[in-house]
Amino acid sequence: MNSLVILASSRSGGNTARLSQEIAKRLQADFVDLLGLSISYFDYQHRNIADDFIPLMERIVTADFVVFATPVYWYSMSAQLKTFFDRFTDLLTVKKELGRKLRGLPISVIATGTDAELPSDFETQFELIADYLGLVYREPLYCCCADGFNLQQHQQAIQGYLDRISN
Ligand SMILES: Cc1cc2nc3c(=O)[nH]c(=O)nc-3n(C[C@H](O)[C@H](O)[C@H](O)COP(=O)(O)O)c2cc1C
């Protein structure tokens with residue numbers, strides 16, 4: 001499978017990075033850290049059209065499966081991921097052709113936080129985005145990292161996630 005894991009955290013070596021690198025390794029997926037790219041806020045005038053958003057989208061539409069990795073920040077996705085999703089609006093306006101290529105693409109979200117569970121409505125935003133864009137939303141993986149990311153502690157959940165998405 002031609003998979004892609006996209007890390008959207010405020011740090012490249014933190015809990016979400018460690019979880020997403022493990023998932024990328026197990027899926028033999030390519031790995032992209034949004035912190036290493038220049039993707040600016042949505043601009044109604046599209047003055048940012050030459051930043052790194054479109055090249056990343058061109059890579060995404062060639063994938064068979066895309067995993068978005070985010071920490072839970074204030075009960076929601078990270079600002080990096082929200083900024084990235086805001087830019088999907090470019091695909092409904094000036095880059096429609098590219099946007100159409102997203103249809104049917106399976107996506108999933110993996111997340112870390114310190115609470116025992118994901119906030120109750122955390123998944124809704126991704127389900128709605130996927131629905132709007134014609135993406136296929138697959139089940140998420142959440143790892144509580146109250147004491148930092150401990151791979152051993154999450155092995156079973158990671159394996160369960162990999163089993164679910166491969167079916
Ligand atoms: C700004 C900020 C907001 C946070 N908000 C939440 C939250 O609402 N729920 C939660 O479970 N954890 C929250 N946390 C904890 C992080 O989600 C948790 O430490 C996560 O594993 C950090 O991932 P990172 O190392 O990729 O940043 C927050 C942390 C920060 C820095």
Side-chain angles (χ1 to χ4, degrees), residues 1-43 48 51-53 55-57 59-60 63-89 105-133 135-166:
M1 203 158 61
N2 168 17
S3 303
L4 180 63
V5 175
I6 297 177
L7 172 64
S9 170
S10 282
R11 53 181 181 175
S12 298
N15 299 334
T16 318
R18 293 184 59 204
L19 173 64
S20 55
Q21 280 155 3
E22 178 65 18
I23 296 294
K25 188 175 86 183
R26 305 272 291 266
L27 287 174
Q28 296 181 299
D30 285 350
F31 182 83
V32 174
D33 182 350
L34 290 185
L35 279 189
L37 300 181
S38 170
I39 296 179
S40 60
Y41 299 134
F42 172 72
D43 176 7
N48 52 6
D51 72 6
D52 292 332
F53 175 70
L56 177 55
M57 286 312 306
R59 169 68 185 92
I60 285 176
D64 300 321
F65 181 51
V66 179
V67 177
F68 295 100
T70 178
V72 180
Y73 288 157
W74 288 101
Y75 312 103
S76 188
M77 70 176 89
S78 66
Q80 287 77 12
L81 192 53
K82 180 60 166 62
T83 299
F84 181 68
F85 280 130
D86 281 357
R87 290 293 298 281
F88 275 56
T89 312
L105 175 68
I107 65 151
S108 170
V109 174
I110 60 174
T112 70
T114 49
D115 290 343
E117 292 178 1
L118 277 176
S120 56
D121 59 351
F122 185 85
E123 276 194 79
T124 309
Q125 55 200 334
F126 298 104
E127 287 166 349
L128 291 170
I129 290 169
D131 195 41
Y132 194 92
L133 294 168
L135 307 167
V136 179
Y137 179 75
R138 306 292 310 271
E139 45 275 79
L141 168 66
Y142 176 67
C143 293
C144 172
C145 299
D147 302 315
F149 180 78
N150 177 341
L151 179 59
Q152 206 55 36
Q153 202 180 319
H154 301 296
Q155 282 290 13
Q156 205 178 336
I158 289 171
Q159 190 54 53
Y161 169 74
L162 294 171
D163 291 344
R164 288 196 305 277
I165 59 171
S166 64

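Counting convention: from 1, in listed order, for ligands and their atoms alike. These numbers come from the heavy atoms of this one structure, side chains and all, not from hydrogens, waters or symmetry mates.
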Any idea which protein heavy atom is nearest [atom], and the distance to it?
| atom | value |
| --- | --- |
| atom 29 (C) of ligand 1 | Tyr73 CD2, 3.7 Å |
| atom 25 (O) of ligand 1 | Arg11 NE, 2.6 Å |
| atom 8 (O) of ligand 1 | Tyr75 N, 2.7 Å |
| atom 18 (C) of ligand 1 | Gly113 CA, 3.8 Å |
| atom 21 (O) of ligand 1 | Thr112 OG1, 2.7 Å |
| atom 14 (N) of ligand 1 | Val72 O, 3.3 Å |
| atom 11 (O) of ligand 1 | Asp115 N, 2.8 Å |
| atom 5 (N) of ligand 1 | Trp74 N, 2.8 Å |

Original post:
So between Leu7, Asn15, Thr114, whose heavy atom ends up nearest atom 10 (C) of ligand 1?
Top reply: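 Comparing heavy atoms across Leu7, Asn15, Thr114, the nearest one to atom 10 (C) of ligand 1 lies in Thr114.
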
Looking at [X] and [Y], would you say the former's side chain and the latter's main chain have a donor-acceptor pair under 3.5 Å?
| X | Y | answer |
| --- | --- | --- |
| Arg164 | Pro140 | yes |
| Ser78 | Pro71 | no |
| Asn15 | Thr112 | no |
| Gln28 | Lys25 | no |
| Asn48 | Tyr41 | yes |

Subject >> Other residues, nucleotides, ligands: >12 heavy atoms within 6.0 Å of Asp147 CG >> reply: no

**OP:** Please confirm whether Phe53 and Phe84 have ring centers closer than 6.0 angstrom.
**Re:** yes

